[in-house]
Amino acid sequence: MFTVAQIEQAHEKVKSGADFPKYIQEIKAMGVSGFDTWVTDSHTEYFGANDYKTQSQPQYDNLIIADVTNKEKFVSQLRAHQQGQTDYYTFCKDCAENGIEKWVVDLDEMTCIYYDKAGEEILVEQIPS
């Protein structure tokens, strides 16, 4: 089964959101079936076959997640990130400022769903293959 170290090695190649689809393909090939990333500190829970689960350490000091979600601004900043205009930490700060608490990636469905603090779906995206 995969390790957090293997996933982090693959993630080091990601310089912007433009690199995300390739990263997804690489970790999917390792056996990752999905993951939940928490914006507050970017710790991530990874899931695999037979109820396998592992978790990364926090990646930075805690960010404060806004109580009010600004979907329009979030989507605009997400698009900029996906086009390679921002780095990962900037994207996480943008998420926090716009009320995004976490994202959930399902590698079987190839979706990424962004949630607010109330657990409401804010945006569902299909991950390009």
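Below, all heavy atoms of this structure are taken into account, side chains as well, without hydrogens, waters or symmetry copies.
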- Connected via hydrophobic side-chain network under 4.5 Å: I65 and L123: yes

- Query: Do F91 and W38 belong together in a cluster built from hydrophobic side chains that touch within less than 4.5 Å?
  - Reply: no

Minimal non-hydrogen separation, [X] against [Y], with atom names:
| X | Y | value |
| --- | --- | --- |
| P128 | P21 | O-CB, 3.5 Å |
| C95 | W103 | SG-CZ3, 4.0 Å |
| V39 | A96 | CG1-N, 3.8 Å |
| Q57 | Q59 | O-NE2, 2.6 Å |

Qualifying residues under side-chain hydrogen bond (donor to acceptor under 3.5 Å, both in side chains), relative to [X], sequence neighbours excluded:
| X | value |
| --- | --- |
| D41 | H43 |
| T44 | T37 |
| E125 | R79, Q82 |
| S42 | Y88 |

- salt bridge (charged side-chain N to carboxylate O under 4.0 Å, His left out) filter on E97, not counting sequence neighbours, yields none

- Only counting residues at least two apart or in another chain, list the ones meeting salt bridge (charged side-chain N to carboxylate O under 4.0 Å, His left out) with E45. none

Contact list for [range], test salt bridge (Lys or Arg N to Asp or Glu O under 4.0 Å), sequence neighbours left out:
| range | value |
| --- | --- |
| residues 20-32 | K13-E26 |
| residues 48-70 | D67-K117 |
| residues 98-109 | none |

Hey, could you give me the [atom1]/[atom2] distance between [X] and [Y], rounded to the nearest 0.5 Å?
| X | Y | atom1 | atom2 | answer |
| --- | --- | --- | --- | --- |
| N70 | I100 | CG | CD1 | 9.5 Å |
| D36 | Q55 | CG | CD | 10.0 Å |
| N98 | Q77 | CG | CD | 5.0 Å |
| L78 | H81 | CG | NE2 | 7.5 Å |
| Q25 | I127 | CD | CD1 | 9.0 Å |
| F47 | L107 | CZ | CG | 11.0 Å |

- Query: Transitive ILVMFWY cluster of V104 at side-chain heavy atoms under 4.5 Å: who else is in it?
  - Reply: I113, Y115, V124

- Test side chain to side chain contact (heavy atoms under 4.5 Å, CB included) applied to Q126 - qualifying residues, sequence neighbours left out: M110, T111

- Task: Could you check if a side-chain atom of D94 sits within less than 4.5 angstrom of a side-chain atom of Y89, using non-hydrogen atoms only?
- Result: no

- Item | By ring-ring contact (aromatic ring centres under 6.0 Å, His included) - contacts of F74 (at least two apart) | Y114

- Task: Evaluate the criterion side-chain contact (heavy atoms from CB on, under 4.5 Å) for residue pair S56 and Y46; output intermediate values, then yes/no.
- Result: CA-CA 8 Å; S56 71; Y46 298 95; 4.2 Å; yes

- Task: Show your reasoning for whether ring-ring contact (aromatic ring centres under 6.0 Å, His included) applies to F2 and Y52.
- Result: CA-CA 9 Å; F2 56 86; Y52 180 78; 4.9 Å; yes

- Message: Looking at T40 and L63, would you say the former's side chain and the latter's main chain have a donor-acceptor pair under 3.5 Å?
- Response: yes

- Message: Other residues, nucleotides and ligands only: do more than 12 of their heavy atoms fall within 6.0 Å of CD on Q9?
- Response: no

